[in-house]
S.K.: 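Dumping the structure here so I can ask a few things about it.
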Amino acid sequence: MRNSRRFDVFVRPVLSKILLVAILMLVTLVLGTMIGFAIGGGNPLRVFLPSTWGHMLDFVQ
């Protein structure tokens, strides 16, 4: 019983904060790429097309 209480008191808040930070990072990454496409004069929704990511990977390599 002591181990489950320790998990509830210490580990659960830490894991929830880590999950929150990961979700916020993903949201900001998506919004940043959409804003970048819009500033470049393109359609911001094109960032979700697989062909766009394939082109980006070809450009990096």
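Numbering of residues begins at 1 and proceeds along the displayed sequence.
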S.K.: As an exercise, state the distance from CG of Leu45 to OG1 of Thr52, rounded to the nearest 0.5 Å.
M.R.: 10.5 Å
S.K.: Could you list the donor-acceptor pairs under 3.5 angstrom formed between side-chain atoms of residues 53-60 and any protein atom two or more places apart in sequence or on another chain?
M.R.:
{"unit_1": "Trp53", "atom_1": "NE1", "unit_2": "Val47", "atom_2": "O", "d": "2.6"}

S.K.: Mind listing the side-chain donor-acceptor pairs of residues 24-42 below 3.5 Å, one per line with the distance, residues two or more places apart or on another chain?
M.R.:
{"unit_1": "Thr28", "atom_1": "OG1", "unit_2": "Leu24", "atom_2": "O", "d": "3.1"}
{"unit_1": "Thr28", "atom_1": "OG1", "unit_2": "Met25", "atom_2": "O", "d": "2.9"}
{"unit_1": "Thr33", "atom_1": "OG1", "unit_2": "Leu29", "atom_2": "O", "d": "3.2"}
{"unit_1": "Thr33", "atom_1": "OG1", "unit_2": "Val30", "atom_2": "O", "d": "2.8"}

S.K.: Taking the hydrophobic residues Ile, Leu, Val, Met, Phe, Trp and Tyr, and joining any pair whose side-chain heavy atoms are under 4.5 Å apart, which ones share a cluster with Ile18?
M.R.: Val14
